Number of protein chains: 2
Amino acid sequence: MSQTVDRALSILPLLAQGPADLGQVADRLGVHKSTALRLLRTLHEHGLVYRQQDQRYRLGARLFALAQEAVENLDVREIAHPHLAALNDRTGHTVHLAVHEDGEVLYIDKVESRYPVRMYSRIGKPVALTVAAVAKLLLADLPEPERRALAVKLDYPRYTPRSTPDAAAFLQELATVREQGWATDLGGHEESINCVAAPIRGADGRVVAAMSVSAPNVVVTAEELLALLPQVRRTAEAISHDYSGTTPPKETEVSVDE
Amino acid sequence: MSQTVDRALSILPLLAQGPADLGQVADRLGVHKSTALRLLRTLHEHGLVYRQQDQRYRLGARLFALAQEAVENLDVREIAHPHLAALNDRTGHTVHLAVHEDGEVLYIDKVESRYPVRMYSRIGKPVALTVAAVAKLLLADLPEPERRALAVKLDYPRYTPRSTPDAAAFLQELATVREQGWATDLGGHEESINCVAAPIRGADGRVVAAMSVSAPNVVVTAEELLALLPQVRRTAEAISHDYSGTTPPKETEVSVDE
DNA sequence: ATGGACGTTGCAGAGAGCGCAACGACCGAA
DNA sequence: TTCGGTCGTTGCGCTCTCTGCAACGTCCAT
């Protein structure tokens, strides 16, 4: 809608692929160097891009801070976290929390006991829509026309032989998931990883988030993991209850910054 | 520099404080509602803001993805990580990696064994400049005039009685740190937390990052923590060595997205 | 020395964003 | 039900701001 802003924002995903110099940015935007320079300067003033010693531009620090604050404002996450931690405590497996937003599903929280290394690396990362158990739950709750529209629009990458192959199979799967109120991913994304998930619902019954327990099958078999389903569902229900109960009157205090 | 972009970007920190509706955004920007609407729409198209059911705007998902990709492109972090993990393995304490950027110091990696819960919550968060050990190292390496300019510009919050009180003390501390090649924070930020840190240098000898080991003094005393200093310095030197050695010819594969 | 690549600046023209005003939807009070 | 208020949205004309150009300075390699 706004050309200037549109161009400026297009720089961000471009820089996400790696640092670039002024000329490269201008070329890939299809604008004159002077134009690109001004846009970059504005982005720089806001801390969204950073200029390294070699004069090339990178994504900047403020971006982290913003993502940081954003995730902290997600109240589902706040409410869910203790429950996730408790479940992790009992089972020892990785526990995820995910939400749906504008056609993407992303993890907004994760508790992992086994591999602390790079633990943060997937938070905020978009999830494989066609196979992930949490994605199935979140998408299964969409109104029928939207669900169908999305299903035909998606790609169906064959991560493994068990990946959902096409739109028809996906819609079928969503219908099943919708009906049974839980979902699995048995080696559909990575051959050796299994996953069971349950929905978290708001006061109006709509699915606002989904949680899952994942484990590699060298640790537990798919059957053993499925045995945890009741626990997972109970946890999800507990979160739903907390969440749909009277939302605590959260004071939004404005902090004094610069 | 660019008015439109400037206004659009100003919306982001505003929304970081919490969701806001159109009128609030327009007011706080000091522009007409229709203008704010257009800006928000453009931000929305790029996924930087999201519109919730109640029509209010929130920061969006793409922001996470961008911050995510940004952090993955930081090669210092990539190189340092195994070393940090190893040190964490040996000591059992929290290990941080931080860089300096535009007057801010921020953690870009963290390995923690003791409290997996909310582990990610500080990655990307700006560090308390005047007290954190990693900040001292990074700022101590700035050219003298910049260092001085920064020192007088800063605030010196008294987190604890041991916090750096003013610019003079801070510059003195930086001089010491610069000379000795390591730094500490003994209860300067939180009464019970101690911290020792060492610098990571590039091929030209400049400090490109800093790493630290932190522990609450209920676990180990300050003296015991200081005893780890040789290990910390050795780790930092190992990372420096890896980093300043011929940078591995990193293939930047462009992935197929949308 | 000389050519090229790169970032930067000032300028004038025009295209794009701006605020205005009016509309429709929604909600609660009378 | 009716009315007044609030909120998001749209079309339009004016003007301000962004754009691309051309020229300059610098750095580096030839």
Side-chain angles (χ1 to χ4, degrees), chain A residues 1-12 14-15 17-60 101-102 143 146 202-204 206 246-247 249 252, chain B residues 1-15 17-60 101-102 143 146 202-204 206 246-247 252:
Chain A
M1 283 271 111
S2 167
Q3 189 191 61
T4 315
V5 179
D6 187 48
R7 285 174 170 171
L9 297 183
S10 302
I11 294 178
L12 299 178
L14 195 156
L15 290 184
Q17 301 177 359
D21 61 33
L22 180 60
Q24 293 169 346
V25 172
D27 282 352
R28 301 191 55 178
L29 276 186
V31 299
H32 197 270
K33 279 188 303 179
S34 58
T35 305
L37 179 64
R38 253 172 320 210
L39 298 177
L40 281 165
R41 275 223 254 261
T42 311
L43 289 169
H44 181 78
E45 275 174 25
H46 286 259
L48 297 187
V49 308
Y50 173 68
R51 195 154 201 192
Q52 19 188 29
Q53 281 89 343
D54 62 357
Q55 301 231 88
R56 292 192 304 164
Y57 293 91
R58 261 208 304 103
L59 292 181
E101 183 172 320
D102 277 333
E146 276 187 55
D204 54 359
R206 294 211 43 187
T246 53
T247 305
T252 307
Chain B
M1 284 272 113
S2 167
Q3 188 191 62
T4 316
V5 178
D6 187 48
R7 285 174 171 173
L9 297 183
S10 302
I11 294 178
L12 298 178
L14 195 155
L15 290 185
Q17 302 177 358
D21 61 31
L22 179 60
Q24 293 169 345
V25 172
D27 282 353
R28 302 192 54 177
L29 277 186
V31 299
H32 196 268
K33 278 188 303 176
S34 59
T35 304
L37 179 64
R38 254 168 321 198
L39 298 176
L40 281 165
R41 275 223 254 260
T42 310
L43 289 169
H44 180 78
E45 275 174 26
H46 286 259
L48 297 187
V49 308
Y50 172 69
R51 194 155 202 190
Q52 18 188 35
Q53 281 88 342
D54 62 356
Q55 301 230 86
R56 292 192 304 165
Y57 293 91
R58 260 209 302 105
L59 292 182
E101 182 173 321
D102 276 333
E146 277 186 56
D204 54 359
R206 295 210 44 187
T246 53
T247 305
T252 307

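Quick caveat, the model's predicted, so the values are computed rather than measured. A note on names: the letters A, B, ... follow the listed sequences, proteins ahead of strands, and every chain is numbered from 1. Any value given below was found using the heavy atoms of this structure, including those in side chains, with hydrogens, waters and symmetry copies removed.
- Distance A:Asp54 CG to C:dC6 P: 13 Å, rounded to the nearest Å.
- When distances are taken from the side chain of B:Asp21 to each of D:dG20, D:dG8, C:dG7, the shortest belongs to D:dG8.
- The residue among A:His32 and B:His32 whose nearest nucleotide of DNA chain C is located toward the 5' end is A:His32.
- Taking 4.0 angstrom as the limit, A:Thr4 places none of its side-chain polar atoms (N or O) nearer than this to OP1 or OP2 of D:dC18.
- Atoms CG (B:Asp6) and P (C:dG17) sit 15 Å apart, rounded to a whole Å.
- Interatomic distance, B:Arg7 CZ to B:Thr35 OG1, rounded to the nearest 0.5 Å: 6.5 Å.
- Taking atom NE2 of B:His44 as the reference point, atom C1' of D:dG8 lies 15 Å away to the nearest angstrom.
- Residue A:Arg41 places at least one side-chain N or O closer than 4.0 Å to OP1 or OP2 of C:dT9.
- Within 4.0 Å (heavy atoms only), A:Ser34 reaches at least one base atom of the nucleic acid.
- Between A:Val25 and the options A:Leu40, A:Val31, A:Leu37, A:Leu39, a side chain to side chain contact (heavy atoms under 4.5 Å, CB included) holds for only A:Leu40.
- Atom CZ in A:Arg51 sits about 7 Å away from atom C1' in C:dG7, given to the nearest Å.
- The side chain of B:Gln3 places an N or O atom within less than 4.0 Å of a non-bridging phosphate oxygen (OP1 or OP2) of D:dT17.
- Counting only heavy atoms from C-beta on, B:Arg7 has its side chain closest to C:dC18 among C:dG17, D:dC21, C:dC18.
- When rounded to the nearest whole Å, the span between CG of A:Leu39 and P of D:dC18 equals 9 Å.
- Across all their heavy atoms, A:Gln24 and A:Pro19 have their closest contact at OE1-O, 4.3 Å.
- Screening A:Thr4, A:Val5, A:Leu43 against B:Ser2 for a side chain to side chain contact (heavy atoms under 4.5 Å, CB included) leaves a single residue, A:Thr4.
- Checking the phosphate oxygens (OP1, OP2) of C:dG17, no side-chain nitrogen or oxygen of B:Thr35 falls inside 4.0 Å.
- The side chain of B:Gln55 lies closest to D:dG8, out of C:dT8, D:dG8, C:dC18.
- Summarising the geometry, the separation between CZ on B:Arg38 and C1' on C:dG19 is reported as 8 Å, rounded to the nearest angstrom.
- The nearest whole Å value for the distance from the CG atom in A:Asp27 to the C1' atom in C:dA5 is 13 Å.
- Taking atom NZ of residue B:Lys33 and atom C1' of nucleotide D:dG5, one finds them 12 Å apart after rounding to whole Å.
- Between A:Val49 and A:His44, the closest heavy-atom pair is O-ND1, 3.3 Å.
- The side chain of B:Arg56 places no N or O atom within less than 4.0 Å of a non-bridging phosphate oxygen (OP1 or OP2) of D:dG8.
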